[in-house]
S.K.: 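Dumping the structure here so I can ask a few things about it.
Residue numbers start from 1 in every chain, and the chains themselves are labelled A, B, ... in the order their sequence lines are given, proteins ahead of strands.
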Amino acid sequence: MSTVIQIKDIAEHEGQEVTLRGWVHRRTGKGRLQFILLRDGSGQAQCVAFKRELDAAQFEIARGLSQESAVVIQGEVRADERAPGFPGGYEIGIKRLELLQQAAEYPISPKEHGTEFLMNHRHLWLRSNRQWAILRIRATIIKAMRDWLDDQGFLLVDTPIISPAAGEETTTLFELDYFGESAYLAQTGQLYNEANIMAFGKVYCFGPTFRAEKSKTRRHLIEFWMLEPEIAFCSLEELMQIEEQLVVYAVEQVLTQRQQELAIIGRSLEKLEAIQAPFARITYDEAVARLQALSSECDDPALRAELSIEWGEDFGSPQETALADSFDRPVFVTHYPSAIKAFYMTPLEGRPEVCRSVDLLAPEGYGEIIGGSERIHDLALLERNIEAMGLGREAYEWYLDLRKFGSVPHAGFGIGIERTVAWICGLSHVRETIPYARLLNRKYP
RNA sequence: UCCGUAGUAGCUCAAUUGGCAGAGCGGGCGGCUGUUAACCGCUAGGUUCUUGGUUCAAGUCCAAGCUACGGAGCCA
């Protein structure tokens, strides 16, 4: 048997006899000539069966191959600009063909399908070009972010998935039976990150987080992945620089490594090429003023109502979109009212009604992709906030300890992977950014 | 949870005023030596989401429910 190669490397094997192993993505026949578009996970290549070059039995197998049948194909690589595929431009002249399994009638045809049908067949849908491209870009974004953090001296320190209490107070938790006691699926690793920085300086955690919210929008998942860096001796201003560089690096890596995939999903490169530091920084106060101005200028009464806001309210989705629309790159919104943010965010000196917090809003209506802040490092203040929020102190004793033993100013943020992938890929819904989305009404497959 | 839209063949959809259940794709069979979601011929394929009601007659009208999609709220 000749050398088994991956289709992505096909150009390096021109003129050689090779073996490909994969699945029939598409087949089209022209009588004595059969074109098999083969997928192997790394790419796609056209394999051509010509009746005169194969024995009769083998040609009949080629002629009868159904979509997604598993095959091993041997043949010679030749350049042909008519050959489709990824990378394309090369094809295999089939010399031998082995059928591993003849696929049953495949439900997903090359024509259009509805969302419900595709989500019900997610385990098969992943094989289609568009999903293949998106999930490869996802992997690149995650790797780029982790590489950047690792290179900057951050240490990956994993945080637990099962927690004794809420990370933050507002959102809904998934409760578990922990040998007769209550436990919860993690909403964030942040509190543990704060402990970890006192051991390691700069850390990040990366893992799934869970929110039992009855949200049903293009931006929400029940189970989503979050990358959360935390840094000792860090100010809000330094935090924004880290966020900015991290995002710019991830976009840059996607642009250099995943051009083929961006082309498959039809993402505009110009929009991504504009993502350069620095990002604009506006305060919550300015953002409210901007929205009030936009709202009053608005002719459409429905839109005017959607944009209308009073100081102290959190932004809704149309408001985030309207704010971000003034910029061609992400925009930082800083100093939110303390009342609408988490209990651990540091109040601003001389103006405690706002806190040293920052959200990063992605362009093109993708909304908040990062939330971060300076954390309270004063014990008494943190104790007061925990009590004011009605949180049980017992569960936070260890967290309060961090303010007793060498407490230092520190800051951190969380970046939502799926929203970031949706934005970079230009997708209309986060459900395509994760292999198996968990949504309000979906946990299958 | 609220507002809106939809549910008909495996899939995407059509069906006039309430009057015989249709097409394309996909499947099967046959044809074709350069196809790119090929093309040509033949063919199989239906609990019209569910339950109840109105009617000589319901895919179509009425009521309730279920499911999905879009939006809002909440959030990353």
S.K.: Taking the side chain of A:Ser109 as its heavy atoms from C-beta onward, which of B:A76, B:G34, B:C25 lies nearest to it?
M.R.: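 Nearest to the side-chain atoms of A:Ser109, counting from C-beta on, is B:C25.
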
S.K.: Enumerate the residues from residues 308-316 of chain A whose closest heavy atom to RNA chain B is under 4.0 Å, giving them by residue number; use none for an empty result.
M.R.: A:Asp314, A:Gly316

S.K.: Is NZ or CZ of A:Arg136 both nearer than 6.0 Å to the six-membered ring centre of A:Trp132 and within 45° of the ring axis?
M.R.: yes

S.K.: Of A:Ser215 and A:Gly64, whose closest RNA chain B nucleotide lies nearer the 5' terminus?
M.R.: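 By nearest-heavy-atom nucleotide position, the 5'-most residue is A:Gly64.
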
S.K.: Considering every strand shown, what is the Watson-Crick or G-U wobble mate of B:A63 when both distances are under 3.5 Å?
M.R.: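 Pairing partner: B:U51.
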
S.K.: With both distances under 3.5 angstrom, what nucleotide forms a Watson-Crick or G-U wobble pair with B:C2?
M.R.: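 Result: B:G71.
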
S.K.: Is any side-chain N of the basic residue among A:Glu91 and A:Arg82 closer than 4.0 Å to the acidic one's carboxylate O?
M.R.: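 Result for this pair is no, no salt bridge flagged.
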
S.K.: Per the atom types in the model, does the base of B:C11 pair as donor or acceptor with the side chain of A:His113 at under 3.5 Å?
M.R.: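 No, no donor-acceptor pair under 3.5 Å.
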
S.K.: Between A:Arg431 and B:A68, does any side-chain N or O lie under 4.0 Å from OP1 or OP2?
M.R.: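 It does not, given that no N or O in the side chain of A:Arg431 lies less than 4.0 Å from OP1 or OP2 of B:A68.
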
S.K.: Ignoring the backbone of A:Arg63, work out which of B:G30, B:G26, B:C74 is nearest its side chain.
M.R.: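 Nearest nucleotide to the side chain: B:G30.
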
S.K.: Please confirm whether the shortest side-chain N or O distance from A:Lys30 to OP1 or OP2 of B:U33 is below 4.0 Å.
M.R.: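 For B:U33, OP1/OP2 do not have a side-chain N/O of A:Lys30 under 4.0 Å.
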
S.K.: Where the side chain of A:Pro318 is defined as all heavy atoms beyond and including C-beta, which of B:G26, B:G34, B:A72 is the nearest nucleotide?
M.R.: B:A72

S.K.: Which whole number of Å gives the distance between the C1' atom of B:U36 and that of B:G18?
M.R.: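 Between the two C1' atoms, the distance is 47 Å.
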
S.K.: Using only heavy-atom distances, determine whether the side chains of A:Gln102 and A:Ser66 contain a donor-acceptor pair under 3.5 Å.
M.R.: yes

S.K.: When you check the phosphate oxygens OP1 and OP2 of B:U36, does a side-chain N or O of A:Thr28 lie under 4.0 Å from one of them?
M.R.: no

S.K.: Under 3.5 Å, is there a donor on one side chain and an acceptor on the other for A:Glu228 and A:Thr188?
M.R.: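 Result is yes, a qualifying pair exists.
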
S.K.: Examine B:U67: is either OP1 or OP2 under 4.0 Å from a nitrogen or oxygen in the side chain of A:Asn441? Give yes or no.
M.R.: no

S.K.: Does any nucleotide pair with B:G22 by Watson-Crick or G-U wobble geometry, both distances under 3.5 Å, and what is it?
M.R.: B:C13

S.K.: Flag the pair A:Arg356 and A:Glu237 as a salt bridge only when some basic side-chain nitrogen lies within less than 4.0 angstrom of an acidic carboxylate oxygen.
M.R.: yes

